[in-house]
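Worksheet: one structure, shown below.
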Amino acid sequence: MRSPPETGELDTPSRILMGPGPSMIHPRVLRAMSTQALGYMDPSFLEIMDDIQELLRYTFQTNNDWTLAISGTGTAAMEASVGNLVEPGEKVLVRTTAYWGDRVAQMTRRVGGEVVPFEVSGTDPLDPDDVAEAFANNDIDVFYICHADTTTGIRQPNMSELTDIAHEHDAYTIVDCVTSLSGVELHVDDWGIDVAYGSPQKCLSSTPGATPLTVNDRAREKIQNRDSDTNSWYLDLDLLMEYWGDERNYHHTAPVTPYYGLRESLRLVAEEGLENRWERHREVASELKAGIERMGLEMAAPEEYWLPSLNTVQVPDSVDDTAVIEFLMDEYDIEIASGLGALEGDIWRIGCMGYSARRQNVACLLTAIEEALEAQNFDVDEPAIEA
Ligand SMILES: *Cc1c(COP(=O)(O)O)cnc(C)c1O
């Protein structure tokens with residue numbers, strides 16, 4: 001017999017989460033998640049699912065019938081989008097030189113799709129002219145766009161222009177809205193997006209586990225008329241919609257608690273109002289940006305593509321980026337993140353998402369960064385917080 005390990009009751013440090021995700025969970029979401037479970041066919045639970053769908057339609061700004069939550073994280077929704085929309089042999093245009101694009105390329109190959117690598121270097125957003133050229137030179141079926149890139153802090157502009165190009169070539173668009181949903185302006189229907197997915201644990205400030213996804217009728221028809229079955233049974237949208245739609249067929253046990261959390265987080269979005277919420281993210285992140293610049297540091301993303309929900313800051317040459325991150329964690333219990341992949345060591349990534357996007361957190365973070373820089377003998381131009 002193996003003896004039981006010695007563990008204490010759950011006792012976590014109290015952190016301020018200002019990284020690329022997760023964000024801090026809203027207290028009302030936490031309360032909702034402490035509610036007792038219901039069976040997945042309980043009429044009360046089915047009503048909760050209906051509420052989630054309606055609230056998601058508002059948050060995505062869509063009338064799509066196929067609007068649901070995927071059991072899993074943002075990556076599961078990404079895989080569901082690629083797996084359902086892309087058929088073997090079909091061509092997917094994706095920026096392979098970007099972190100999330102590379103992930104989509106790997107998923108595309110796994111479902112038998114062909115990757116048309118869009119090798120734009122640097123961190124600038126996609127340029128519609130380059131996209132038009134790629135479409136002119138290749139017979140593209142699906143086009144992946146990252147609306148809010150958490151690795152670079154870049155917000156993709158010209159969304160309608162990009163989806164128009166795809167549609168002129170009878171192609172479909174998959175848009176990654178993981179870091180934009182409810183944090184920055186997003187209009188799924190008006191922008192002509194075919195498939196979009198978000199995330200519960202970024203600007204929505206819920207828990208990972210139930211991830212928003214929406215599919216328009218055009219993409220639904222493509223999925224329902226596939227020649228081959230979607231190769232993931234678990235992520236088969238047609239089967240999932242038999243549970244989310246009128247049939248109410250058992251597919252898998254719904255993650256009850258994350259659904260409770262998602263519903264409450266979406267109610268908070270509706271209460272605040274989308275436009276107010278976008279504005280709050282801008283305002284709070286503007287204060288962060290101003291403080292960063294007062295100290296003499298520079299934002300890594302150009303102002304016109306700035307993504308308020310994820311702020312990238314250039315690490316000065318004389319500063320050790322990880323020492324600053326550790327200082328923030330050790331002295332102030334604040335989490336921020338370093339650069340990912342090619343940007344490792346060059347930038348810090350500071351999230352301003354959902355419940356984390358509050359002035360008190362920004363003030364505390366700026367004070368902490370200033371101290372961390374001083375600890376490394378970096379002379380700030382001016383105090384981060386205006387007197
Ligand atoms: C966080 C993130 C993901 C992945 O989401 P997980 O919930 O970590 O699986 C995908 N795309 C973008 C843009 C993200 O920021």
Side-chain angles (χ1 to χ4, degrees), residues 18-21 23 74-75 78 93-105 117-132 134 143-163 165-166 173-188 191 193 196-199 202-203 278-279 281-290 292-293 297-315 321 336-354 356-357:
M18 301 288 282
S23 62
T75 306
M78 184 189 271
L93 178 67
V94 39
R95 183 177 190 166
T96 44
T97 49
Y99 184 87
W100 305 110
D102 175 60
R103 227 180 235 203
V104 167
F118 200 33
E119 288 167 338
V120 203
S121 56
T123 58
D124 281 351
L126 298 174
D127 183 295
D129 291 338
D130 295 341
V131 171
F143 176 29
Y144 165 81
I145 306 167
C146 186
H147 180 222
D149 191 329
T150 333
T151 58
T152 58
I154 295 275
R155 186 179 44 83
Q156 175 68 51
N158 311 313
M159 290 297 295
S160 303
E161 217 178 314
L162 296 180
T163 58
I165 297 168
T173 50
I174 296 176
V175 179
D176 183 323
C177 305
V178 165
T179 300
S180 56
L181 185 67
S182 91
V184 300
E185 188 170 5
L186 169 69
H187 306 270
V188 166
W191 291 355
I193 297 170
Y197 56 89
S199 161
K202 301 213 181 179
C203 300
W278 298 335
E279 186 52 33
H281 281 82
R282 274 190 77 83
E283 270 173 20
V284 174
S286 292
E287 288 191 22
L288 171 69
K289 196 148 75 83
I292 290 288
E293 286 165 354
L297 303 184
E298 279 173 37
M299 300 293 290
E303 172 71 25
E304 56 179 323
Y305 311 132
W306 170 54
L307 174 62
S309 48
L310 197 285
N311 301 272
T312 46
V313 178
Q314 211 74 51
V315 178
D321 68 314
I336 67 162
S338 57
L340 205 57
L343 295 170
E344 199 182 333
D346 294 342
I347 58 166
W348 288 300
R349 293 182 299 146
I350 305 176
C352 236
M353 306 181 189
S356 290

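Position 1 is the first residue of the sequence, and the numbers go up from there.
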Q.
Is any side-chain heavy atom of Phe143 closer than 4.5 Å to one of Ile165?
A. no
Q: Determine which pairs satisfy salt bridge (Lys or Arg N to Asp or Glu O under 4.0 Å) with at least one residue from residues 145-155, sequence neighbours left out, and list them in order.
A: none
Q) Counting N and O atoms only, with roles assigned by atom type, does the side chain of His281 sit under 3.5 Å from a partner on the main chain of Gly354, one being a donor and the other an acceptor? A) yes
Q) Atom CE of Met299 and atom CD1 of Ile347: how far apart are they, to the nearest 0.5 Å? A) 10.0 Å
Q: Taking salt bridge (Lys or Arg N to Asp or Glu O under 4.0 Å) as the test, write out the residues that go with Glu119, two or more places apart.
A: none
Q) Under the side chain to side chain contact (heavy atoms under 4.5 Å, CB included) test, which residues partner Glu185, sequence neighbours left out? A) His187, Trp191, Trp278
Q) Looking only at heavy atoms, which two atoms of Phe118 and Leu126 are closest? And how far apart? A) CE2-CD2, 3.4 Å
Q) Mind checking what makes side chain to side chain contact (heavy atoms under 4.5 Å, CB included) contact with Asn158, not counting sequence neighbours? A) Pro128, Glu161
Q.
Can you tell me how far apart CD (Glu293) and OG (Ser286) are? Round to the nearest 0.5 Å.
A. 10.0 Å
Q.
As an exercise, state the distance from CH2 of Trp100 to CE of Met78, rounded to the nearest 0.5 Å.
A. 6.0 Å
Q. Of the options Asp346, Val313, Val315, which is the one that meets Asp321 in a side chain to side chain contact (heavy atoms under 4.5 Å, CB included)?
A. Val315
Q) What are the two closest non-hydrogen atoms of Gln156 and Leu162, and how far apart are they? A) NE2-CD1, 3.4 Å
Q: Output all residues satisfying side chain to side chain donor-acceptor pair (under 3.5 Å) with Thr173, sequence neighbours left out; order by chain, then residue number.
A: Asp194
Q. Can you name the nearest heavy-atom pair linking Pro20 to Leu310, along with the distance?
A. CA-CD2, 3.8 Å
Q: Apply side chain to side chain contact (heavy atoms under 4.5 Å, CB included) to Glu279 and list each qualifying residue two or more places apart in sequence or on a separate chain.
A: Arg282, Glu283
(Q) Determine whether Val131 and Ile145 satisfy the following criterion, side-chain contact (heavy atoms from CB on, under 4.5 Å), listing intermediate values before the conclusion. (A) CA-CA 11 Å; Val131 171; Ile145 306 167; over 6 Å; no
Q: Name all pairs fulfilling the side chain to side chain donor-acceptor pair (under 3.5 Å) condition that reach into residues 175-184, sequence neighbours left out, sorted by first residue then second.
A: Tyr144-Asp176, His147-Ser180, Thr150-Thr179, Asp176-Tyr197, Ser182-Arg277
**Q.** Spatial distance of atom CG (Leu343) from atom CZ (Arg349) [nearest 0.5 Å]
**A.** 8.5 Å
Q) With a 4.5 Å limit on heavy-atom distance, are the side chains of Leu181 and Lys202 in contact? A) no
Q: Please list, chain by chain and in numerical order, all residues satisfying side chain to side chain donor-acceptor pair (under 3.5 Å) with Thr163, sequence neighbours excluded.
A: none
Q) For Ser23, what residues pass the side chain to side chain donor-acceptor pair (under 3.5 Å) criterion, not counting sequence neighbours? A) Ser205
Q) Residues in side chain to side chain donor-acceptor pair (under 3.5 Å) with Glu304, at least two apart? A) none
Q: Compare every heavy atom of Val188 with every heavy atom of Ala196, then report the nearest pair and how far apart it is.
A: CB-CG2, 4.0 Å
**Q.** Distance-minimising heavy-atom pair for Val178 and Gly198
**A.** CG2-O, 3.4 Å
Q | Nearest heavy-atom neighbours spanning Met18 and Cys352 | A | CE-SG, 4.4 Å
Q: Please name all residues satisfying side chain to side chain contact (heavy atoms under 4.5 Å, CB included) with Ala301, sequence neighbours left out, ordered by chain then number.
A: Ile154, Thr312
**Q.** Check: Val120 main-chain N/O paired with Thr97 side-chain donor or acceptor under 3.5 Å
**A.** yes
Q) Are side-chain N/O atoms of Asn311 and Trp348 paired as donor and acceptor at under 3.5 Å? A) no
